[in-house]
Amino acid sequence: MAWITGIFGIAALFVGAIALYGSLEITKIPYLAVPYTPKDFGLAYEEVSFHSHDGLKLTGWFLPARMPSEITLVILHGLGSNAGDMLLNTVCLARPGAWNLFYFNFRGHADSEGDRTSLGPFELKDLESALEFLKKAKPETARRLAIYGHSLGAAVAIVGAARHAELEAVAVESPFTR
């Protein structure tokens, strides 16, 4: 009978090792470097950084509207992407110059600190840290907030808007449901 217990023990250890390996693999960030910056498009911008709720340095850009505006659109990228990739897809929003644009990189993306993703929960906290940063550092531009997200950023935008009434408008592209 002891040998049966031993076999179950080995099988449990094997299953546990596979589960650990799988969880480490799924939370790795598949990074695709996109080197675009607002400078590449002739846009005025400010490089910004702030800290996440757990102390990681997050980076991004604040693009001011051409005329002073109290409206800021927060733009969120997808998994393995970055603010430069979103800039490439949203530069058309900067051209009219009607509102401010705020791009930031989730943990572990571009030059933000971290090396793992949670596929949502920690990135939601990153969004909350970004909103706090905007309200403290740029209160005159953060009186009215909207959010746009793609993929992981879309999922975070949906949950973030549900939790933060100050996000008055939401636009999402290719969110995942779980």
Side-chain angles (χ1 to χ4, degrees), residues 26-52 56-120 122-138 140-142 144-161 167-176:
I26 200 165
T27 60
K28 271 188 192 175
I29 298 171
Y31 188 64
L32 306 170
V34 179
Y36 296 109
T37 71
K39 184 178 180 181
D40 295 321
F41 298 96
L43 300 171
Y45 71 102
E46 173 188 346
E47 290 187 6
V48 298
S49 67
F50 53 94
H51 287 90
S52 66
L56 296 176
K57 180 182 174 186
L58 304 178
T59 61
W61 305 307
F62 181 81
L63 284 66
R66 287 200 184 120
M67 300 297 286
S69 175
E70 63 183 20
I71 302 169
T72 295
L73 176 61
V74 179
I75 300 173
L76 308 178
H77 62 80
L79 179 64
S81 185
N82 62 25
D85 187 33
M86 291 305 292
L87 179 64
L88 184 62
N89 296 325
T90 58
V91 70
C92 60
L93 300 173
R95 298 271 184 240
W99 50 74
N100 309 294
L101 302 177
F102 181 62
Y103 299 81
F104 76 92
N105 297 301
F106 288 127
R107 61 188 54 233
H109 290 80
D111 52 356
S112 285
E113 292 180 345
D115 61 358
R116 296 278 171 199
T117 179
S118 68
L119 299 174
F122 287 150
E123 290 76 12
L124 180 60
K125 292 291 192 180
D126 292 348
L127 169 62
E128 291 169 347
S129 298
L131 295 175
E132 287 176 28
F133 167 79
L134 272 175
K135 291 176 199 171
K136 289 179 184 172
K138 303 197 173 293
E140 68 286 350
T141 67
R144 300 191 67 198
L145 297 170
I147 193 165
Y148 167 72
H150 176 261
S151 188
L152 171 62
V156 171
I158 291 168
V159 176
L167 293 169
E168 298 179 34
V170 183
V172 297
E173 180 183 357
S174 302
F176 48 83

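When the shell of 6.0 Å around CH2 of W61 is examined, it contains more than 12 heavy atoms from other residues, nucleotides or ligands. In this structure, F122 places its CZ atom where only 12 or fewer heavy-atom neighbours from other residues, nucleotides or ligands lie under 6.0 Å away. Residue K138 qualifies as enclosed at atom NZ: its count of foreign heavy atoms under 6.0 Å is above 12.
For S49 (side chain) and T59 (main-chain N/O), no donor-acceptor pair under 3.5 Å exists by modelled atom type. The backbone N or O of R107 lies less than 3.5 Å from no partner atom in the side chain of R116, so there is not a single donor-acceptor pair. Checking side-chain atoms of D85 against main-chain N and O of N82 turns up no donor-acceptor pair under 3.5 Å. For the pair E173 (side chain) and H150 (backbone), a donor-acceptor distance under 3.5 Å is absent. Looking at N105, its side chain never comes within 3.5 Å of a backbone N or O of G60 through a donor-acceptor pair. In this structure a side-chain-to-backbone donor-acceptor pair under 3.5 Å is missing from N100 to F62. With hydrogens and angles disregarded, no donor-acceptor distance shorter than 3.5 Å links the side chain of H51 to the backbone of L58.
Between atom CD1 of residue I158 and atom CG of residue L76 there is a gap of 11.0 Å, rounded to the nearest 0.5 Å. Summarising the geometry, atom CG belonging to L101 is positioned 8.5 Å from atom CG belonging to L87; distances are rounded to the nearest 0.5 Å. Interatomic distance, NE2 of H77 versus CE of M86, reported as 9.0 Å (0.5 Å rounding). Note: W99 CH2 to T141 OG1 = 15.0 Å, rounded to the nearest 0.5 Å.
Annotation for L63 and A94: closest pair CD2-CB, 4.4 Å, computed over non-hydrogen atoms. Nearest heavy-atom pair across D126 and F50 is O-CE1, 4.2 Å. Residues F102 and A130 come closest through the heavy atom pair CE2-CB, 3.7 Å. In terms of heavy atoms, L152 sits closest to L79 at CB-N, 3.7 Å. Across all non-hydrogen atoms, the minimal contact from S174 to A154 is C-CB, 4.4 Å. The two residues E123 and T117 have their closest heavy-atom pair at OE2-OG1, 2.7 Å.
Using a cutoff of 4.0 Å between basic side-chain nitrogens and carboxylate oxygens, E132 and K135 are not scored as salt-bridged.
Counting heavy atoms from C-beta outward, Y148 and L73 have side chains that approach closer than 4.5 Å. Considering only heavy atoms from C-beta on, V156 stays 4.5 Å or farther from I147 through its side chain.
For Y45 and Y103, the distance between ring centers is not under 6.0 angstrom.
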